[in-house]
Amino acid sequence: MTRIRLYNTRTRAKEDFAPIDPANVRMYVCGPTVYDRAHLGNARPVIVFDVLFRLLRHVYGPDHVTYVRNFTDVDDKINAEAQRRKDAGDPRSLEDLIRERTDETIRWYHEDMAALGNLPPAAEPRATEYIGQMIAMISDLIARGHAYEKAGHVLFRVRSYEGYGKLSGRSVDDMIAGARVEVAPFKEDPMDFVLWKPSTPDLPGWESPWGRGRPGWHIECSAMSHELLGDSFDIHGGGIDLQFPHHENEIAQSMCAHPESEFARVWMHNEMLQVEGRKMSKSLGNFFTVRDLLDRGIPGEVIRFVMLMTHYSRPMDWTEKKRHEADKRLDTLLPALTIALEKGRPPSGAWRDVPRAIRDSLSNDLNTADAIACLEMAGDLLVKAHRGDLVHQSGDRVDLTQLQSSS
RNA sequence: GGCGGGUUGGCGGAGAGGUUACGCAGCGGAUUGCAAAUCCGUGAAGACCGGUUCGAUUCCGGUACCCGCCUCCA
């Protein structure tokens, strides 16, 4: 069996991957807050973990991998957008407008991610559908002494979990010294974070033992991953920006609620995306969505290719120059690989080794750049093997999806 | 301030303690009515200072610079 090696943020080492249950390899990836179109930065983890999903399916079998990616549909930005529509004269209730906004955003997300060649996960839970599980987990944390209620809020007692800070390599004391946290008067400790907070009558809320309120951001992933993947699962992924505080807090919640479990064994984080050498942000004016690029006529496979040219653990710079390079490389590569898929593989020993070379590259902590190089060498061999048969049709492209499943 | 990542040829970007990454651009050539596309060939690297080693771009230490997270945004 192929030996998959993955860099584990938790242990800061590249490790052999050994699933808890090879018959059901389980992976959870933090998904988007559904208030607007997915931007290009949202696409990177989706593509990175799609490659991992495909690799796991290839190695353990398509029916033996469970991939869960959530939708956060409780959020101030969603409420604000719904309120804007209401203020603009929409007669429907805020609740209806929120539902409409999240539904349409999820629909867009599915369209855009499919256009980038990503497979759908097995489950895509919405936070609002798991409020009951969150309340149960919070109650449990209070009962175990890891959380407390104050002024309608429920807070996680950071000092009650000795492992707090381990994932991101910080100590509670260092963080307090940094002092960039909001210190609410009802917190026992400045680093304590919200599990549940009160809601106002006009905003969405759910009845709870602590009054009508809404969950904090982090608890949803703990509750949903537990519900769908169990006490312990194999891989937890997301952007490096989530390492702290989101993932740190998830670990604290889940480990304290289920002390006998391991929660997630392997933590994987993709580095951030930049645009023309700068952080993509609304304030810098270099912010754009996946849809913006698709509408400009940039094919999804070009976007995917650019993303996979750079290793996931390194910052990736989206540039016009790189987009052009990806376009050219695909123009050469795809016709050659189309031949492979249509005519079958020539009896060349070199080509026979290509699927293995690609699998080995991807198994080495998802070395997609190396896998692409393997494909290009294979393409070169194919063109030579079929010289005369090749009719170059740059407009006739195969789906990158096929390429990866064929490996 | 705390934490983390990076510095490879004109550009993007990998692996590997000693042997061609791969590609984009460039250059030379083939083909083409011109051009484009395509094909063949080709030069070019490892921030700086030390250390380990027979040998380091690859390991260790330091310096400089760049970047990200900790803040609405992944």
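Being a predicted model, the structure only gives us computed values, none of them experimental. A, B, ... follow the sequence lines: proteins, then strands. Residue 1 opens every chain.
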Any ion pair linking [Y] and [X] (charged N to carboxylate O, less than 4.0 Å)?
{"X": "A:Glu81", "Y": "A:Arg84", "result": "yes"}
{"X": "A:Lys322", "Y": "A:Asp317", "result": "no"}
{"X": "A:Arg85", "Y": "A:Glu100", "result": "yes"}
{"X": "A:Arg304", "Y": "A:Glu301", "result": "no"}
{"X": "A:Asp360", "Y": "A:Arg3", "result": "no"}

Considering only atom [atom1], compute the distance from [N] to [M] and round it to an integer number of Å.
{"N": "B:rC48", "M": "B:rU58", "atom1": "P", "value": "11 Å"}
{"N": "B:rG61", "M": "B:rG6", "atom1": "P", "value": "13 Å"}
{"N": "B:rA64", "M": "B:rU57", "atom1": "P", "value": "23 Å"}
{"N": "B:rA56", "M": "B:rC49", "atom1": "C1'", "value": "15 Å"}
{"N": "B:rA30", "M": "B:rU8", "atom1": "P", "value": "37 Å"}
{"N": "B:rC24", "M": "B:rG13", "atom1": "C1'", "value": "11 Å"}
{"N": "B:rC70", "M": "B:rG62", "atom1": "C1'", "value": "27 Å"}

Side-chain contact, heavy-atom cut-off 4.5 Å: A:Arg5 with A:Asp16?
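The answer is yes; the side chains approach within 4.5 Å.
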Is there side-chain contact between A:Ile142 and A:Tyr148, with at least one heavy-atom pair below 4.5 Å?
no
Start with the C-alpha gap between A:His236 and A:Ser225, add the side-chain angles, then the distance that decides, and say whether side-chain contact (heavy atoms from CB on, under 4.5 Å) holds.
CA-CA 9 Å; A:His236 191 127; A:Ser225 64; 5.6 Å; no
Among residues two or more places apart or on two chains, list those pairs meeting salt bridge (charged side-chain N to carboxylate O under 4.0 Å, His left out) that have a residue in residues 214-225 of chain A.
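Found A:Asp76-A:Arg214.
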Does any pair with a residue in residues 114-133 of chain A pass salt bridge (charged side-chain N to carboxylate O under 4.0 Å, His left out), and if so which ones, sequence neighbours excluded?
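Residue pairs with at least one partner in residues 114-133 of chain A: A:Arg69-A:Glu124, A:Asp73-A:Arg126, A:Asp103-A:Arg126.
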Expressed in angstrom and rounded to an integer, what is the separation of [X] atom [atom1] from [N] atom [atom2]?
{"X": "A:Asp36", "N": "B:rC72", "atom1": "CG", "atom2": "C1'", "value": "13 Å"}
{"X": "A:His218", "N": "B:rA74", "atom1": "NE2", "atom2": "P", "value": "14 Å"}
{"X": "A:Asn8", "N": "B:rG4", "atom1": "CG", "atom2": "C1'", "value": "16 Å"}
{"X": "A:His39", "N": "B:rC72", "atom1": "NE2", "atom2": "C1'", "value": "12 Å"}

Would you mind telling me which of B:rA37, B:rG23, B:rA74 lies closest to the side-chain atoms of A:Lys328?
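Between B:rA37, B:rG23, B:rA74, the one nearest the side chain of A:Lys328 would be B:rA37.
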Regarding the side chain of A:Thr332, the nearest nucleotide among B:rC69, B:rC22, B:rC24 is B:rC24
Think A:Arg26 forms a cation-pi with A:Tyr28, using NZ or CZ under 6.0 Å from the six-ring centre and within 45 degrees of its axis?
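No; the conditions do not both hold, so A:Arg26 does not lie above the ring face of A:Tyr28.
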Cation over ring face, A:Arg329 and A:Phe305, 6.0 Å, 45°
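No, A:Arg329 does not sit over the ring of A:Phe305.
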Just to be sure I understand the rule, does A:Leu242 reach a base, reach only the sugar-phosphate, or reach nothing, if contact means heavy atoms closer than 4.0 Å?
sugar-phosphate
Can you pull out the residues from residues 247-255 of chain A that lie within a 4.0 Å heavy-atom distance of RNA chain B?
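Result for residues 247-255 of chain A: none.
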Near-strand residues of residues 265-277 of chain A, defined as heavy-atom separation under 4.0 angstrom from RNA chain B:
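The stretch gives A:Met272, A:Leu273, A:Gln274 as the residues lying under 4.0 Å from the strand, ordered by number.
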Set out, line by line, the N/O atom pairs under 3.5 Å between protein and nucleotides 10-17 of chain B.
residue, atom, partner, partner atom, Å
B:rG12, O3', A:Lys322, NZ, 3.4
B:rG13, OP1, A:Lys322, NZ, 3.3
B:rA14, OP1, A:His311, N, 2.9
B:rA14, O3', A:Asn367, ND2, 3.4
B:rA14, O2', A:Asn367, ND2, 3.2

Which stems, defined as runs of 3 or more consecutive Watson-Crick or G-U wobble pairs with both pairing distances under 3.5 Å, involve RNA chain B?
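Output for stems: B:1-7 with B:64-70, B:10-12 with B:22-24, B:26-30 with B:38-42, B:47-51 with B:59-63.
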For A:Trp267, is there any backbone N or O sitting under 3.5 Å from a side-chain donor or acceptor partner on A:Thr9?
yes
Using heavy atoms to find the nearest nucleotide of RNA chain B for A:Gly31 and A:Tyr7 separately, return the residue whose nucleotide is more 5′.
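The residue closer to the strand's 5' end, by nearest nucleotide, is A:Tyr7.
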Locate the shortest heavy-atom distance separating A:Ala326 from A:Val306; write the atom from each residue and the value.
CB-CG2, 3.4 Å
